[in-house]
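Bear in mind that the values here come from a model prediction, so they are computed numbers and not experimental data.
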Amino acid sequence: MSTLALSRVRIRRSVAAGAVALALTGALAGCSGTPLDNIVGGAVDRAIEEAVGGDVDISTDGQVPDGFPESIPLVDGTVVGGAAGGGAGWTVVIQPDSVDRFAEAQTALEGAGFTANASNADADSAFGSFTGTNYNLQLTFSTDAEGVVTAVYVVTPA
């Protein structure tokens, strides 16, 4: 496969994984279960499935998605849910107790063989981009207006 073709596959996977992450964040924001919510949720699911080229499994059950690589260490906190599907990768949403946990997450990832390509943190948020042998990973921590910290892992095959 040419370098250009590989780049296009990586970009498509990243865009698809980002779409899954955005949809998951919206799904986790709250579901009232009204018919309109169900219609919108179905439309979002179909759009994501089209973007990733297959079925997408989005959960808010407090579990990491099926098939999530065990070799990727996750920060301590409450697992909210995740998403997987279409071969595009996985998304995991966790609520740690502090943005300061980003440094621990970065250390754990580097200990597992990932290389930090970029990272930045302040009192309310943090971001890191990591490359491993088999996976690429984007990790973001953010604090909402109520002080709740959310960590989002977006993992794609390398």
Side-chain angles (χ1 to χ4, degrees), residues 7-31 37-38 40-99 101-121 124-144 148-158:
S7 294
R8 287 182 179 159
V9 168
R10 287 185 181 127
I11 289 169
R12 190 175 313 124
R13 285 181 178 164
S14 295
V15 168
V20 170
L22 287 173
L24 180 61
T25 303
L28 297 175
C31 297
D37 290 336
N38 295 332
V40 171
V44 168
D45 287 346
R46 284 188 300 280
I48 292 170
E49 288 171 1
E50 286 178 18
V52 300
D55 290 333
V56 175
D57 179 28
I58 298 175
S59 70
T60 58
D61 63 0
Q63 302 293 317
V64 298
D66 289 340
F68 186 82
E70 292 180 15
S71 61
I72 298 175
L74 298 172
V75 68
D76 287 335
T78 302
V79 176
V80 177
W90 304 265
T91 301
V92 176
V93 178
I94 298 174
Q95 290 180 330
D97 60 3
S98 170
V99 170
R101 295 278 184 188
F102 177 81
E104 293 173 21
Q106 180 172 352
T107 299
L109 288 166
E110 290 170 344
F114 284 86
T115 301
N117 301 316
S119 68
N120 192 12
D124 296 318
S125 63
F127 167 82
S129 176
F130 302 89
T131 303
T133 303
N134 298 314
Y135 304 102
N136 297 314
L137 190 145
Q138 305 294 316
L139 176 59
T140 58
F141 276 53
S142 60
T143 307
D144 69 15
V148 176
V149 177
T150 301
V152 178
Y153 289 75
V154 177
V155 179
T156 56

Show, in sequence, the C-alpha distance, side-chain angles and deciding distance for Trp90 and Val64, and conclude whether the side-chain contact (heavy atoms from CB on, under 4.5 Å) test is met. CA-CA 9 Å; Trp90 304 265; Val64 298; over 6 Å; no

Return the minimal non-hydrogen interatomic distance between [X] and [Y], and the atom names on each side.
X: Gly132; Y: Phe114; value: N-CD2, 3.5 Å
X: Ala88; Y: Thr156; value: O-CG2, 3.4 Å
X: Leu139; Y: Ala151; value: CD1-CB, 4.4 Å
X: Val75; Y: Arg101; value: CG2-CB, 3.6 Å
X: Pro73; Y: Ser71; value: CD-O, 3.3 Å

Measure the [atom1]-[atom2] distance between [X] and [Y] for me, rounded to the nearest 0.5 Å.
X: Gln106; Y: Phe141; atom1: CD; atom2: CZ; value: 10.5 Å
X: Leu74; Y: Ile94; atom1: CG; atom2: CD1; value: 4.5 Å
X: Thr131; Y: Leu109; atom1: OG1; atom2: CG; value: 11.0 Å
X: Asn136; Y: Thr115; atom1: CG; atom2: OG1; value: 10.5 Å

Strictly distance-based, threshold 3.5 Å: is any side-chain N or O of Thr143 a donor or acceptor partner for the main-chain N or O of Asp124?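 The answer is yes, because a donor-acceptor pair under 3.5 Å joins these two groups.
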
I'd like to know if the side chain of Tyr153 and the backbone of Gly82 have a donor-acceptor N/O pair within less than 3.5 Å.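 Flag not set: sc Tyr153 to bb Gly82 has no pair under 3.5 Å.
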
Angle between ring planes, Phe102 versus Phe130, binned at 30° and 60°: parallel, tilted or perpendicular?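 Rings of Phe102 and Phe130: tilted, 30 to 60°.
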
Has Asp66 got more than 12 heavy atoms of other residues, nucleotides or ligands less than 6.0 Å from its CG?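 Atom CG in Asp66 is not packed in, count stays at 12 or less.
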
